A.B. asks: 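Structure provided below as structure tokens; questions to follow.
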Protein chains: 2
Amino acid sequence: MGVVPADQQHAQVSQGPRAGAVATRRRGDALLGAIFDAVFDQLRTVGYANLTMDRVAAAAGTSKTVLYRRWAAKEDMIADALRHRLPTPGDIPLTGDLRADVHALLRCVQASFSSTRGTAFQLVSAEAGCGRPVVRQTIIDHVVEPCVQLIAEVLRRAAERGEIRPEAANELVAASGPAMLVQYSLIREPVVPDEFVASVVDQIVLPLTTRSAAAEHG
Amino acid sequence: MGVVPADQQHAQVSQGPRAGAVATRRRGDALLGAIFDAVFDQLRTVGYANLTMDRVAAAAGTSKTVLYRRWAAKEDMIADALRHRLPTPGDIPLTGDLRADVHALLRCVQASFSSTRGTAFQLVSAEAGCGRPVVRQTIIDHVVEPCVQLIAEVLRRAAERGEIRPEAANELVAASGPAMLVQYSLIREPVVPDEFVASVVDQIVLPLTTRSAAAEHG
DNA sequence: CGAATTGGATACTGATCCGTATCTTACGGA
DNA sequence: TCCGTAAGATACGGATCAGTATCCAATTCG
């Protein structure tokens with residue numbers, strides 16, 4: 001309840017010109033980064049439904065005015081936070097090594113959880129069924145779809161090289177890895193551990209591609 | 001905007017004593033069912049964030065008073081709606097046939113989407129990170145966890161019979177089927193088609209269990 | 001038929017939150 | 001050093017919504 005001390009300090013003390021004085025006012029990217037931190041922090045602690053501009057401002061150690069000077073609406077702010085924090089799968093260099101490439105692309109999906117503090121798929125479904133699923137579509141288009149497509153491409157090339165059975169080079173198999181990570185983030189805990197990613201690669205994705213795996217059961 | 005016609009009729013006309021007169025007032029289970037329909041309808045159309053008691057009441061053709069006579073709070077109502085509509089995996093009879101049992105259990109996961117009009121995992125993540133994840137935990141505990149455990153059990157028995165390779169009888173493989181369905185519901189469309197369930201069984205789960213699938217890649 | 005029960009309409013309170021307006025104050029460049 | 005730009009505090013209007021109170025009407029049961 002009570003009174004919040006008005007002279008509450010920000011978490012980060014930047015190296016200002018006067019080293020003795022506490023940095024009380026951030027600008028530009030420093031401020032922007034603090035706001036994005038606050039957004040994901042709020043998503044993690046109170047959830048999308050209870051995320052308010054007041055709370056984000058308070059968590060960032062700033063005020064609502066600053067937020068509305070940058071974004072017209074709450075959704076714009078969140079979408080912008082995502083665009084700045086989500087990894088870009090297209091930047092991942094592919095080596096041609098099947099296991100390494102699949103692993104790298106799945107780590108990209110994993111990074112989309114950790115970079116948003118595990119709130120990525122909370123956001124995906126929070127808006128499901130709404131009129132303008134801005135945030136939802138941002139994540140799907142930015143990370144999940146590209147990763148699945150890139151994994152599919154990696155599988156296709158491996159099939160051309162004869163490393164895997166050709167029938168396994170499809171989007172269903174390509175989607176299995178991301179699906180396992182999404183599942184883990186939703187059911188177990190928000191941020192997916194490294195060992196789990198490795199397990200998925202070695203016990204799910206790669207076994208599905210081996211020559212001897214039965215091609216059809218139905 | 002304007003005025004909603006006060007004499008708006010309910011969708012369902014029950015067979016009252018006077019056949020000529022329009023049934024205007026439902027009771028008991030008929031009313032309860034209409035309310036649950038309205039809950040999932042609202043979740044689908046406006047989303048969890050915009051689901052209000054007023055809107056649910058309006059969609060059910062009743063008033064807020066009726067809702068608060070049954071449930072103390074909004075979350076209780078939603079949780080109750082879930083408990084009445086979600087399938088119960090434990091009721092599924094297991095035949096001992098690997099493919100049939102896996103398929104039946106995955107159809108149970110699928111049913112948890114269709115019975116909630118595709119909103120099940122919207123609910124799972126809408127509350128992620130909140131203090132009291134009532135709705136979230138209801139779905140996980142009621143459907144997903146039981147299904148994964150039952151699939152794991154089915155795999156274990158198949159391994160004992162020598163039908164599948166023993167290393168595949170683990171929870172990671174057991175989770176792959178549900179994970180694919182969750183993924184589909186989140187990314188593609190809310191309700192998962194039958195053919196997709198069959199594809200997952202025949203192209204993901206069963207291939208992972210075949211004797212010749214490489215046991216380890218890492 | 002008559003009484004008890006339950007459904008339904010409406011209005012109200014208090015809280016919350018979005019988005020804006022206003023004013024003060026720190027920073028940083030010229 | 002001075003001035004422009006942007007940060008930050010605060011307050012406010014308007015809207016929305018949860019939950020309650022009150023009154024009325026229909027259905028069911030005795």
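Throughout, a chain's letter reflects where its sequence line sits, starting with A, and its residues are numbered from 1. Small disclaimer: the values here were computed from a predicted structure and weren't measured.
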A.B. asks: Could you tell me the separation between the CD atom of A:Gln42 and the P atom of C:dC18, rounded to a whole number of Å?
C.D. replies: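 Between P of C:dC18 and CD of A:Gln42: 11 Å.
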A.B. asks: Under 3.5 Å, is there any donor-acceptor pair linking the side chain of A:Arg69 to the base of D:dG8?
C.D. replies: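 Present.
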A.B. asks: How many whole angstroms separate atom CH2 of B:Trp71 from atom C1' of C:dG7?
C.D. replies: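 Rounded to whole Å, this separation is 13 Å.
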A.B. asks: Does a salt bridge link A:Glu171 with A:Arg156, judged by any charged N lying under 4.0 Å from a carboxylate O?
C.D. replies: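 A salt bridge is absent here (no side-chain N lies under 4.0 Å from a carboxylate O).
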A.B. asks: Rounded to whole angstroms, how far apart are CD1 on B:Ile35 and P on C:dT6?
C.D. replies: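 B:Ile35 atom CD1 is separated from C:dT6 atom P by 14 Å.
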A.B. asks: OP1, OP2 of C:dG8 versus side-chain N and O of B:Thr62: anything below 4.0 Å?
C.D. replies: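 Looking at the OP1 and OP2 atoms of C:dG8, one of them is under 4.0 Å from a side-chain N or O of B:Thr62.
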A.B. asks: Roughly how many Å is it from CZ in B:Arg25 to C1' in D:dA26, rounded to a whole number?
C.D. replies: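 Spelled out: CZ on B:Arg25 to C1' on D:dA26 is 4 Å.
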A.B. asks: Is the closest basic N to carboxylate O distance between B:Arg55 and B:Asp41 below 4.0 Å?
C.D. replies: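 A salt bridge is absent here (no side-chain N lies under 4.0 Å from a carboxylate O).
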A.B. asks: List the atom pairs, donor and acceptor, that lie under 3.5 Å between side-chain atoms in residues 91-98 of chain A and the rest of the protein, sequence neighbours left out.
C.D. replies:
{"from": "A:Asp91", "atom 1": "OD2", "to": "A:Thr88", "atom 2": "OG1", "distance (Å)": "2.5"}
{"from": "A:Thr95", "atom 1": "OG1", "to": "A:Asp97", "atom 2": "N", "distance (Å)": "3.0"}
{"from": "A:Thr95", "atom 1": "OG1", "to": "A:Asp101", "atom 2": "OD1", "distance (Å)": "3.0"}
{"from": "A:Asp97", "atom 1": "OD2", "to": "A:Ala100", "atom 2": "N", "distance (Å)": "3.0"}

A.B. asks: Just the rounded figure in Å: distance from C1' of D:dA6 to CG of A:Asp29.
C.D. replies: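 Going from A:Asp29 (CG) to D:dA6 (C1'), I get 14 Å.
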A.B. asks: Just how far, in rounded Å, is P of D:dA21 from CG of B:Leu67?
C.D. replies: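 So the CG-P distance, B:Leu67 to D:dA21, works out to 16 Å.
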A.B. asks: Indicate whether any N or O donor in one side chain lies under 3.5 Å from an N or O acceptor in the other, for A:Tyr48 and A:Gln42.
C.D. replies: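 Their side chains do not contain a donor-acceptor pair, so the 3.5 Å distance test is not met.
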A.B. asks: Counting only side-chain N and O atoms of B:Arg27, is one of them less than 4.0 Å from OP1 or OP2 of C:dG8?
C.D. replies: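 B:Arg27 to C:dG8 OP1/OP2: no side-chain N or O under 4.0 Å.
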A.B. asks: Report, one line per pair, each donor and acceptor closer than 3.5 Å where one atom sits in a side chain of residues 192-199 of chain B; sequence neighbours left out.
C.D. replies:
{"from": "B:Asp194", "atom 1": "OD1", "to": "B:Arg107", "atom 2": "NH2", "distance (Å)": "3.4"}
{"from": "B:Asp194", "atom 1": "OD1", "to": "B:Gln110", "atom 2": "NE2", "distance (Å)": "2.8"}
{"from": "B:Ser199", "atom 1": "OG", "to": "B:Glu195", "atom 2": "O", "distance (Å)": "3.0"}

A.B. asks: So that I can tick it off, tell me whether A:Arg99 and A:Asp202 are bridged by a salt bridge, with the cut-off set at under 4.0 angstrom between side-chain N and carboxylate O.
C.D. replies: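 Salt bridge: yes.
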A.B. asks: Taking N or O atoms only and anything under 3.5 Å, show me the protein contacts with nucleotides 16-20 of chain D, one pair per line.
C.D. replies:
{"from": "D:dC17", "atom 1": "OP1", "to": "B:Arg55", "atom 2": "NH2", "distance (Å)": "2.9"}
{"from": "D:dA18", "atom 1": "OP1", "to": "B:Lys74", "atom 2": "NZ", "distance (Å)": "3.1"}
{"from": "D:dA18", "atom 1": "OP2", "to": "B:Met53", "atom 2": "N", "distance (Å)": "3.2"}
{"from": "D:dG19", "atom 1": "OP2", "to": "B:Tyr68", "atom 2": "OH", "distance (Å)": "3.1"}
{"from": "D:dG19", "atom 1": "N7", "to": "B:Lys64", "atom 2": "NZ", "distance (Å)": "3.0"}
{"from": "D:dG19", "atom 1": "O6", "to": "B:Lys64", "atom 2": "NZ", "distance (Å)": "2.5"}

A.B. asks: Rounding to an integer number of Å, can you tell me how far A:Tyr48 OH sits from C:dC17 P?
C.D. replies: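 One finds 14 Å between P of C:dC17 and OH of A:Tyr48, rounded.
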A.B. asks: Any Lys/Arg nitrogen of B:Arg83 or B:Asp76 sitting under 4.0 Å from an Asp/Glu carboxylate oxygen of the other?
C.D. replies: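 Not counted as a salt bridge, because no side-chain N and carboxylate O are separated by less than 4.0 Å.
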A.B. asks: Whole-Å distance between D:dG8 C1' and A:Arg26 CZ?
C.D. replies: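 Going from A:Arg26 (CZ) to D:dG8 (C1'), I get 10 Å.
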